[in-house]
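Proteins come first, then strands; the chains are lettered A, B, ... in the order of their sequence lines, and each starts at number 1. Just the heavy atoms: all of them, side chains too, but no hydrogens, waters or symmetry mates, feed the values below.
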Amino acid sequence: MREILYRDAICEAIDEEMERDDRVMMIGEDIGFIGGNFKTSVGLLDKYGDLRMKDSPISEAGIVGMGVGMALTGLRPIVELMFSDFLLVAADQVVNQAAKITYMSGGQASVPMVIRTPMGAGRSSAAQHSQSMQAMMAHFPGLKVVVPSTAQEAKGLLKTAIRDNNPVIFFEHKMEYSNKFMIDDVVEPIPFGKANIVREGTDITIVATSSQVMKSMDAAAKLEKDGISVEVIDLRTIVPMDRDAIITSVKKTGRLLVVDEAHEKCGIGAEIGADVMDDVFYYLEAPIGRIATPNVPLPFSPALEFPIIPSVEKIIVKVKKMME
Amino acid sequence: MREILYRDAICEAIDEEMERDDRVMMIGEDIGFIGGNFKTSVGLLDKYGDLRMKDSPISEAGIVGMGVGMALTGLRPIVELMFSDFLLVAADQVVNQAAKITYMSGGQASVPMVIRTPMGAGRSSAAQHSQSMQAMMAHFPGLKVVVPSTAQEAKGLLKTAIRDNNPVIFFEHKMEYSNKFMIDDVVEPIPFGKANIVREGTDITIVATSSQVMKSMDAAAKLEKDGISVEVIDLRTIVPMDRDAIITSVKKTGRLLVVDEAHEKCGIGAEIGADVMDDVFYYLEAPIGRIATPNVPLPFSPALEFPIIPSVEKIIVKVKKMME
Amino acid sequence: MDKKYSKEQLIGFYETMYRMRRFEEEVFEFYKKGMMPGLAHLYLGEEAIATGVCAALTENDYIGSTHRGHGHLVARGAELGKMMAEILGKEGGYSRGKGGSMHIMALDKGILGANGIVGGEIPIATGAAYTAKYLGTDQIAVSFFGESASNEGTFHESLNMAAAWDLPIVYVIENNLYGISVDIRDVTKTIDIADRAKAYGIPGIIVDGMDVIAVHQAAEEAVKRARSGNGPTLMECKTYRWQGHHVGDPAVYRERRDPNEKASWQERCPVDCFKDKMIEQKKISEKEFKKLEDEIEAQVQTAVKFAIDSPYPDPSEAYTDIFA
Amino acid sequence: MDKKYSKEQLIGFYETMYRMRRFEEEVFEFYKKGMMPGLAHLYLGEEAIATGVCAALTENDYIGSTHRGHGHLVARGAELGKMMAEILGKEGGYSRGKGGSMHIMALDKGILGANGIVGGEIPIATGAAYTAKYLGTDQIAVSFFGESASNEGTFHESLNMAAAWDLPIVYVIENNLYGISVDIRDVTKTIDIADRAKAYGIPGIIVDGMDVIAVHQAAEEAVKRARSGNGPTLMECKTYRWQGHHVGDPAVYRERRDPNEKASWQERCPVDCFKDKMIEQKKISEKEFKKLEDEIEAQVQTAVKFAIDSPYPDPSEAYTDIFA
Ligand SMILES: Cc1ncc(C[n+]2csc(CCOP(=O)(O)OP(=O)(O)O)c2C)c(N)n1
Ligand SMILES: Cc1ncc(C[n+]2csc(CCOP(=O)(O)OP(=O)(O)O)c2C)c(N)n1
Ligand SMILES: [Mg+2]
Ligand SMILES: [Mg+2]
């Protein structure tokens, strides 16, 4: 084990995969010379050269579309979008092209492309640089959607993403980049579709994604002092989703709370609740709960932003309410 | 009352609003000279001239963005996107710009723009021309989302949309355009956020959108013969949503089925279920159900397409199962 | 001009053009008889372009194609039976009925897919060119699209990158004057789209798209430029489509400027004029033409029969090929 | 060249430039002191452009602005206090803290919004120009953006429409050579972005963006063209930003090509050089400058104080202004 910054864990995953496979390359804005806006690819331009670490013009639809073309013809591109909000600039290429080509071609073609992109609020980046797009990405079939929690998870899941033969949307939480984590010396790829039970408990199940896993763990530790035993599941991937892990846990605890940072409406909490409903309905001791970003654009001022995004405090309050 | 084609009801709404208010205009691909790809604006170019009925180049992001600019400066543009799938080509302008400007400006600005666009499958138009984007649109705060059922509803709701001071995404179901409906001689604007109980019943509540309202009515009529009394709610607008109507109904019936054509995952059914959950949980006699398009891209062949989209038959089967 | 062409080459040109012509006439018949699901966009009248361009390629090169893609596929030697079966939504189709006319992919022929999104394929083809450069093969890519697609942002983004990085690609504009109904002259100031090359610092050339020899010569030069590392060319072929935008379009809009527009273009039919010229110049005899035409007729009829006889896919097929 | 300028005008130029300069120096101070949430993109070094262009406008004209928007706002006479308060996320800000530096809107000054999406504002400003034409006013719109924004698809789509329809707009490119770290010369082949005008059949002009008089003269001509119905102009101003991309960027990438790059541009400081020249040419005395500077200093300090004293918005503010 050693200590590592989240951003460096990302960089290591890219580096190791590029070393392993010549066909892996990266394209994106400012990823080369300065090693990425969030410093997740520092040193890789020097190591791999300009063709494999391509600094692009500001053309999101263009670079994602090029990624699709590269993936169709034998490369394994990693496209970085500087903020996940820019998925909307490239949405046609992501959703109408990348996600659908395997299907439309009747399985002739595959699109082994990873779109890496930072998600989440908390930096006073306002409405166009703070969104969490995992619900939108999960809504459209054909995309795998990855929401890693810790540095270890990020590294292992990114390796899997790069080796996957499908378009993968890989969300890195921008509030984690500068955080330190402990990580194994060697991190193996972590399989998709297998949730991680990071804390066992008996009273309530929290399914969390990305940074919310850490927040949920904090909340669980505090709730323990109040005699509430919380089971925390790190979902890891939204598509594919480990339904079984959730169902098994909820059958045990009788309560389900989903914590995810995307907007609430048509969000991840709604989906998980609806998905497991038939299986857990008769075990439920309280309505399924969700904590998400409410249905307002992200405000700039920290005085407005922090109160609306999910927090340890909100999780605690909600769990207590669900235990009543 | 008189008989009318759905497409002509749309055209009448546009015409009447353009006549009423000089600032209402329309821009889109092929809307002028040929009166729209689906013939929803026939005759309007001749009547209103080229500046007010603008045939545009194929530039979806451009025309939606121009619509935003027009709306900010005193016009009330109606932007037609030929297929709702193309919302993805213009997604940044729709979601990052139109939806957020009022908020980001602290209420200084408003964006009175309607995006009219055909939704839905059933025409063998395959994966890129058959999608239903209402869940994605509803996910992002700042957009009103309208899903009219009949010609009467479409006309009344479109008038409201045009008079609304916010960006409104108005979904017309492409399978209805050539259908005949009865319509009032004069159709008044129908308020947003007020669901329409189109059939009263006592055993189960179906909340339906767009064409699914008609399918649900058919199903309800057939289910009646089996002694099942179905209440059907035409939701009309997904944003704003008439929670109260749904909650009141479900408290009465004890069962809720949502029928909407968007993809299931993070879809409308999931949202409605989660939204009313706290209020109806202790009244529920069965898990909340949903019928949606499953999580696969829309296939071309009718042999594949019809079996996957919502149908009267599927509604009947699901209701019966929920009544068990 | 054409003296350097061998008889074999000349026969090859005709063979390809005539095959496209007859193939699509049969597609049109299917539509008229109500046997074809959805729609198709016919290439009739534009045959010289795909024929001339693809004759300048090797079999390892890549093609990005559009909604009007049948011609590109035929020119690359795609199997007529599998194409026709796909167009009818049958199990024997290239995508087993999942794609349809607008999405026929034949990856084994280097066809990266027809595409239902106007402009959607341009960055994808550009990505294929990047792959060729990356791997150091001598492959090139060709991106075919209409004049109206050149108003999509993806056109701009792609050409900028291809130019900046000297990617091996040829952009072929099939300028048939119209989008659907919109006359390019009403929505674009520059009459020759080839002028747009100046914005990227690459050669832009104008070619008579009704003359297969002219197209082939221009393409050879552009292909040579691409293959030798000298970057992209924008090649505008002036042409005309015989039919409406799709099989169901009466194309009333074409008489706006000039009632003889269609007739005057049809006088320059790429198939018939080429044949007449060859006979006149005694390069190919009428008898030889007859023999060729009979052979092609047989191929087309075999394809038609194959498609009719092919079963529809099993409904379970809808749930496969979502992921590779 | 500048003989036609009155003393008043010359003083006006300096006043505006110096106000921008001092305002932003204070913004930078706030950042360094950790008092500013998020980031800001400083206009330092580019003052001559907004100053020269906006001096050619009337107060009814419209402005589309960018992430680097403070200068445009100051040039239009926006209130410094409300700007500064917005940048600090305070209740007294233009958007009551909801927008922040990247989203300051001052609709009363014709500012349609700074914009966090590169290229996002170009079609919006184009739409404002459409409104002017539609209503038959003599207003025009100016769209400011960076050279790198000209690689976004929205640039292309907007210029095509503005050209085709002779819209009253001036597109002003602030070519400071870099996106964030990416050198435009590495991602675009044409050295002068003004060349892109040829693709749209409109005039493209190159201007010394460090010389307010040159900018003003060019702008007057372009504005006249727009106002008289002769359509858009693409006006490229060559400039340089003193600081990194944003307040936190050390800008290491600039020494790649030329270690003296920054120094040589700074020798041409638009503020200082103008002042020196005026003194040298005895147009404005040192004493007059001093007086002006003192006045501006007082304005800026008042703004700073206003911003500091302004309270943070109440958290409930997060839930207002979602809809108009
Ligand atoms: C993004 C997008 N916008 C609009 C359409 C609808 N549409 C299909 S083809 C077409 C016209 C295309 O014109 P052009 O590029 O000139 O090709 P042509 O049909 O003339 O061959 C339009 C508007 C679409 N399929 N995709
Ligand atoms: C769509 C989008 N892509 C990328 C970014 C990140 N970004 C912000 S400013 C910027 C550089 C813009 O360069 P330019 O247009 O030249 O303007 P400048 O900053 O030089 O004034 C980038 C890449 C963004 N905000 N929006
Ligand atoms: Mg065309
Ligand atoms: Mg720049």
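The parts of A:Glu60 that come within reach of chain D are both its backbone and its side chain, each placing non-hydrogen atoms under 4.5 angstrom from that chain. At a 4.5 Å heavy-atom cutoff, A:Phe83 makes no contact with chain D through either its backbone or its side chain. In this structure, the portion of A:Ser125 lying under 4.5 Å from any heavy atom of chain D is its backbone and not its side chain. For A:Asn295, the part sitting under 4.5 Å from any heavy atom of chain D is the backbone (N, CA, C, O) and nothing else. With a 4.5 Å cut-off on non-hydrogen atoms, D:Val182 touches chain A through its backbone and its side chain both. In this structure, chain A has no heavy atom under 4.5 Å from any part of D:Ile184. In this structure, no portion of D:Asp321 lies under 4.5 Å from any heavy atom of chain A.
Options D:Pro313, D:Gly38, D:Ser101 differ in how many heavy-atom pairs under 4.5 Å they form with chain A, and the most are formed by D:Pro313. The greatest number of non-hydrogen atom pairs below 4.5 Å with chain A, out of D:Gly179, D:Ser148, D:Gly153, D:Ser150, is found for D:Ser148. Counting heavy-atom pairs under 4.5 Å between each of A:Pro302, A:Gly32, A:Pro299, A:Ser301 and chain D puts A:Ser301 at the top.
More than 12 non-hydrogen atoms from other residues, nucleotides or ligands lie less than 6.0 angstrom from CD1 of D:Ile308.
Using a 4.5 Å heavy-atom threshold, the side chains of D:His70 and D:Ile87 count as touching.
D:Tyr178 and D:Tyr253 have tilted rings, their planes meeting at an angle from 30° to 60° on a 0 to 90° scale. Relative ring orientation between A:Tyr177 and A:Tyr6 is described as perpendicular, the plane-to-plane angle rising above 60° on a 0-90° scale split at 30° and 60°.
Across every non-hydrogen atom of A:Arg290 and A:Leu257, the tightest pair is N-CD1, 3.7 Å.
Aromatic pair D:Tyr200/D:His156: centroids less than 6.0 angstrom apart.
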(request) Kindly determine whether D:Tyr43 and D:Arg241 satisfy side-chain contact (heavy atoms from CB on, under 4.5 Å), including the steps that lead there. (result) CA-CA 7 Å; D:Tyr43 200 63; D:Arg241 54 171 155 77; over 6 Å; no
